[in-house]
Amino acid sequence: METVKRINGVICTEFFFYDCPPLSKKMHNPISGKAIDFSKTPEALFRKELHQALLGKRKLAVRLGHLSDDAQWTLKPEKIKALLKHKISLDDLTENDVRVDVRQKGVDMRIGVDVTSLTLKGQVDQIVLMAGDADFVPAAKIARREGIDFILDPMWQTIPAGLHEHIDGLRTTCPKPELPLRRQY
């Protein structure tokens, strides 16, 4: 999230980065039995390094939530559909047909608290939120009711048609990467 405040005609910008630490559990793939130390995956190493690098940046607040404790393996959606349609059997499943399902906790709440606080204190004129979901809508409504220009960058995601009524503008800041953003284990 980026906030913009004009003070005597000067634009002041502050950035907020919301995430949670990566999964650091050791788990066994339920199909192959292979042990996986998620703290050593490329994604985990990248995110830990990213969080450390951001913590020392000027005008950047890092807000970290946490992962729920109930991380568990689940079948990928396309495999569930194939099983239910009897196109495959349980014996056809491979270790690549499952992924770990983890949920972030506290991230959306931190976004909501910050948007509401900045808005009600009159500290911003504009908020630019980069988000791939619509969990921010209640905070956006408060900001817009208070006259804040609320811009959404959906990070290459398609947004539901009804979401437009809760934002003042839509913009994409970065081109979409050609490589997959997340590897499933």
Side-chain angles (χ1 to χ4, degrees), residues 1-2 15-55 60-84 90 93-118 127-143 150 152-163 166-167 170 172-174 176-177 179-185:
M1 179 173 70
E2 172 188 1
F15 296 90
F16 295 79
F17 178 84
Y18 300 89
D19 199 6
C20 66
L23 182 63
S24 59
K25 287 184 173 189
K26 293 179 184 176
M27 298 175 72
H28 290 83
N29 183 296
I31 305 294
S32 67
K34 177 181 163 187
I36 300 172
D37 182 350
F38 285 96
S39 70
K40 295 182 179 172
T41 63
E43 180 182 347
L45 296 173
F46 169 78
R47 288 179 56 207
K48 285 184 223 173
E49 186 178 324
L50 174 65
H51 295 164
Q52 275 307 121
L54 293 176
L55 283 170
L60 177 71
V62 177
R63 305 277 202 258
L64 297 179
H66 63 278
L67 292 177
S68 65
D69 292 331
D70 62 346
Q72 54 190 333
W73 291 97
T74 187
L75 287 173
K76 293 180 178 177
E78 63 272 13
K79 294 301 174 178
I80 293 172
K81 286 179 187 175
L83 281 167
L84 292 173
L90 289 175
L93 295 175
T94 69
E95 69 179 28
N96 296 322
D97 295 331
V98 294
R99 65 179 177 81
V100 175
D101 186 25
V102 292
R103 306 263 186 232
Q104 287 186 342
K105 297 290 183 181
V107 174
D108 295 333
M109 182 267 311
R110 284 169 174 77
I111 293 171
V113 167
D114 286 341
V115 167
T116 302
S117 177
L118 292 165
I127 294 174
V128 179
L129 179 66
M130 297 176 75
D133 60 31
D135 294 339
F136 64 88
V137 168
K141 284 182 177 182
I142 290 171
F150 199 96
L152 174 66
D153 180 335
M155 298 173 35
W156 323 289
Q157 304 295 317
T158 303
I159 66 166
L163 189 55
H166 304 296
I167 60 174
L170 190 65
T172 299
T173 306
C174 303
K176 186 174 183 175
L179 299 174
L181 293 178
R182 177 176 282 183
R183 181 175 171 206
Q184 301 296 330
Y185 295 93

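Each of S24, P21, P22, C20 was compared with L67 under the side-chain contact (heavy atoms from CB on, under 4.5 Å) criterion, and only C20 meets it. Exactly one of D101, V100, V98 qualifies for a side-chain contact (heavy atoms from CB on, under 4.5 Å) with T74. That residue is D101. Paired with D19 under the rule salt bridge (Lys or Arg N to Asp or Glu O under 4.0 Å), one option of R47, R110, R63 passes, and it is R47.
Shortest non-hydrogen contact noted between V115 and A139 is CG1-O, 3.5 Å. Minimum interatomic distance between A71 and M27 (heavy atoms only, all atoms of both residues): O-CE, 3.8 Å.
With K105 contributing its side chain and D69 its backbone, the two residues share no donor-acceptor pair below 3.5 Å. A donor-acceptor pair is defined here as one N or O able to donate and one able to accept, closer than 3.5 Å; such a pair exists between the side chain of K76 and the backbone of N96. Here the side chain of K79 pairs no donor or acceptor atom with the backbone of T94 at under 3.5 angstrom.
Note that the CG atom of L152 and the NE2 atom of H166 stand 11.5 Å from one another [nearest 0.5 Å]. Rounded to the nearest 0.5 Å, atoms CG (L83) and CD (E78) are 11.0 Å apart. A distance of 4.0 Å separates CG in D135 from CG in D108, rounded to the nearest 0.5 Å. Note that the CD1 atom of I159 and the CG atom of L170 stand 4.5 Å from one another [nearest 0.5 Å]. To the nearest 0.5 Å, the span separating OH on Y18 from CG on L129 amounts to 8.0 Å. Between atom NZ of residue K26 and atom CD1 of residue I36 there is a gap of 13.0 Å, rounded to the nearest 0.5 Å.
Atom NZ of K25 sits in a crowded spot, with more than 12 heavy atoms from other residues, nucleotides or ligands closer than 6.0 Å.
Using a 4.5 Å cut-off on side-chain heavy atoms (C-beta onward), I31 and D97 make no contact. For the pair F15/L54, no side-chain contact is recorded, criterion being any heavy-atom separation below 4.5 Å from C-beta on. Residues F136 and I127 form no side-chain contact, since every pair of their non-hydrogen atoms from C-beta on lies 4.5 Å or further apart.
Aromatic ring orientation, W73 versus F38: tilted (interplanar angle from 30° to 60°).
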